[in-house]
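These numbers were taken from a predicted model, which means no experiment stands behind them.
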Amino acid sequence: MEKQIINTTNAPAPIGPYNQSVKAGNTLYVSGQIALDPASGELVKSGIVDETHQVMKNLQAILTAAGLGFQHVVKTTIFLTDMKTFPQVNEVYDSYFTSDFPARETVQVAGLPKGVDVEISVIAVGA
């Protein structure tokens with residue numbers, strides 16, 4: 001099976017030796033996104049709600065570059081540095097999906113890249 005690398009300037013450039021996403025067959029694996037603003041390269045630090053919105057916008061940009069949307073997402077993984085922020089993150093997350101929610105796990109971790117509070121990765125399946 002051939003893999004296709006999909007990157008976009010509408011999402012932050014990778015900060016390490018990886019790609020924003022890799023498509024294998026009809027499955028897209030999107031690397032974990034943090035709240036980096038792709039236009040400025042700056043972190044969004046104005047609270048967990050704004051941070052989560054930026055993460056979701058970054059994911060949306062990558063999905064769009066692959067010709068997909070949130071309706072194609074079958075699995076998500078959410079990493080939080082504080083599980084107490086889960087209700088706010090969940091509310092923002094919910095606003096990006098309309099129905100048939102993907103499978104998901106949410107875990108608390110000791111730390112995330114650049115000291116952010118949330119990172120989300122997704123797997124999507126398209127035609």
Side-chain angles (χ1 to χ4, degrees):
M1 179 179 305
E2 189 175 321
K3 68 180 185 180
Q4 177 185 3
I5 305 303
I6 299 174
N7 290 314
T8 177
T9 57
N10 295 322
I15 57 175
Y18 61 92
N19 287 292
Q20 291 171 338
S21 66
V22 176
K23 187 173 184 182
N26 65 347
T27 303
L28 183 72
Y29 301 89
V30 181
S31 295
Q33 295 298 302
I34 61 174
L36 274 173
D37 180 321
S40 69
E42 298 294 319
L43 283 173
V44 173
K45 296 182 179 181
S46 51
I48 193 66
V49 169
D50 291 339
E51 194 173 329
T52 305
H53 272 296
Q54 186 63 56
V55 169
M56 297 302 288
K57 289 175 188 176
N58 293 343
L59 290 167
Q60 187 170 39
I62 296 166
L63 289 166
T64 299
L68 303 172
F70 283 111
Q71 72 273 19
H72 296 100
V73 174
V74 296
K75 176 77 166 56
T76 64
T77 302
I78 302 174
F79 302 96
L80 300 173
T81 57
D82 185 350
M83 198 57 82
K84 291 177 185 169
T85 63
F86 179 74
Q88 296 97 325
V89 171
N90 198 49
E91 187 173 334
V92 172
Y93 172 95
D94 179 49
S95 71
Y96 287 82
F97 293 94
T98 55
S99 65
D100 296 329
F101 298 106
R104 176 181 85 182
E105 66 261 336
T106 303
V107 295
Q108 181 173 319
V109 296
L112 290 167
K114 296 191 175 276
V116 299
D117 297 314
V118 60
E119 178 176 354
I120 302 174
S121 64
V122 302
I123 300 171
V125 176

Next on the checklist: Please determine whether the number of non-hydrogen atoms from other residues, nucleotides or ligands lying under 6.0 Å from atom CD of Glu91 exceeds 12.
Outcome noted: no
Checklist entry - Transitively linked via ILVMFWY side-chain contacts under 4.5 Å: Ile62 with Val92? => result yes
Checklist entry - Are the side chains of Val122 and Pro102 in touch, meaning some heavy atoms are under 4.5 Å apart? => result no
Checklist entry - Quick one: side-chain hydrogen bond (donor to acceptor under 3.5 Å, both in side chains) pairs with a partner in residues 110-124, sequence neighbours left out? => result Thr81-Asp117
Checklist entry - Would a distance-only check, ignoring hydrogens and angles, find a side-chain to backbone donor-acceptor pair under 3.5 Å from Gln20 to Val30? => result no
Next on the checklist: Does the plane of the ring in Phe97 sit parallel, tilted or perpendicular to the ring in Phe101? Use 30° and 60° as the thresholds.
Outcome noted: perpendicular
Next on the checklist: Is there a continuous path of hydrophobic side-chain contacts, each under 4.5 Å between heavy atoms, that joins Val107 to Ile34?
Outcome noted: yes
Next on the checklist: Hydrophobic clusters here meaning ILVMFWY residues chained together by side-chain heavy-atom distances under 4.5 Å, can you tell me if Ile15 and Val44 are in one?
Outcome noted: no
Item to check | Closest non-hydrogen atom pair, Ala66 against Ile6 | outcome: CB-CD1, 3.6 Å
Checklist entry - With the 4.5 Å side-chain cut-off for hydrophobic clustering, are Val55 and Phe70 part of the same group? => result yes
Item to check | Heavy-atom check, side chain of Leu59 versus side chain of Ile120, under 4.5 Å | outcome: yes
Next on the checklist: Between Met56 and Gln33, is there a side-chain heavy-atom distance shorter than 4.5 Å?
Outcome noted: no
Checklist entry - Between Leu28, Thr27, Ile123, which is the residue that forms a side chain to side chain contact (heavy atoms under 4.5 Å, CB included) with Val74? => result Ile123
Next on the checklist: How about CG on Asp100, more than 12 heavy atoms from neighbouring residues, nucleotides or ligands closer than 6.0 Å, or not?
Outcome noted: no
Checklist entry - Considering only heavy atoms from C-beta outward, does the side chain of Val73 approach that of Leu63 to under 4.5 Å? => result yes
Checklist outcome for this item: Value for OG (Ser21) from NZ (Lys3), rounded to nearest 0.5 Å, stands at 11.5 Å
Checklist entry - Taking only residues two or more places apart in sequence, or in another chain, which ones meet Ser31 in a side chain to side chain donor-acceptor pair (under 3.5 Å)? => result none
Checklist entry - Applying the 4.5 Å side-chain criterion to the ILVMFWY set and letting contacts propagate, would Ile48 and Tyr93 be lumped into a single cluster? => result yes
Checklist entry - If we only count heavy atoms from C-beta on, is the Asn10 to Pro38 side-chain gap below 4.5 Å? => result no
Checklist entry - Tell me the side-chain hydrogen bond (donor to acceptor under 3.5 Å, both in side chains) pairs involving residues 50-62, sequence neighbours left out? => result Ser46-Asp50, His53-Tyr96, Gln54-Asn58
Checklist entry - Taking the side chain from Thr76 and the backbone from Arg104, do they hold a donor-acceptor pair closer than 3.5 Å? => result no
Item to check | Result of checking Thr85, Val109, Leu112 against Leu80 for side chain to side chain contact (heavy atoms under 4.5 Å, CB included) | outcome: Thr85
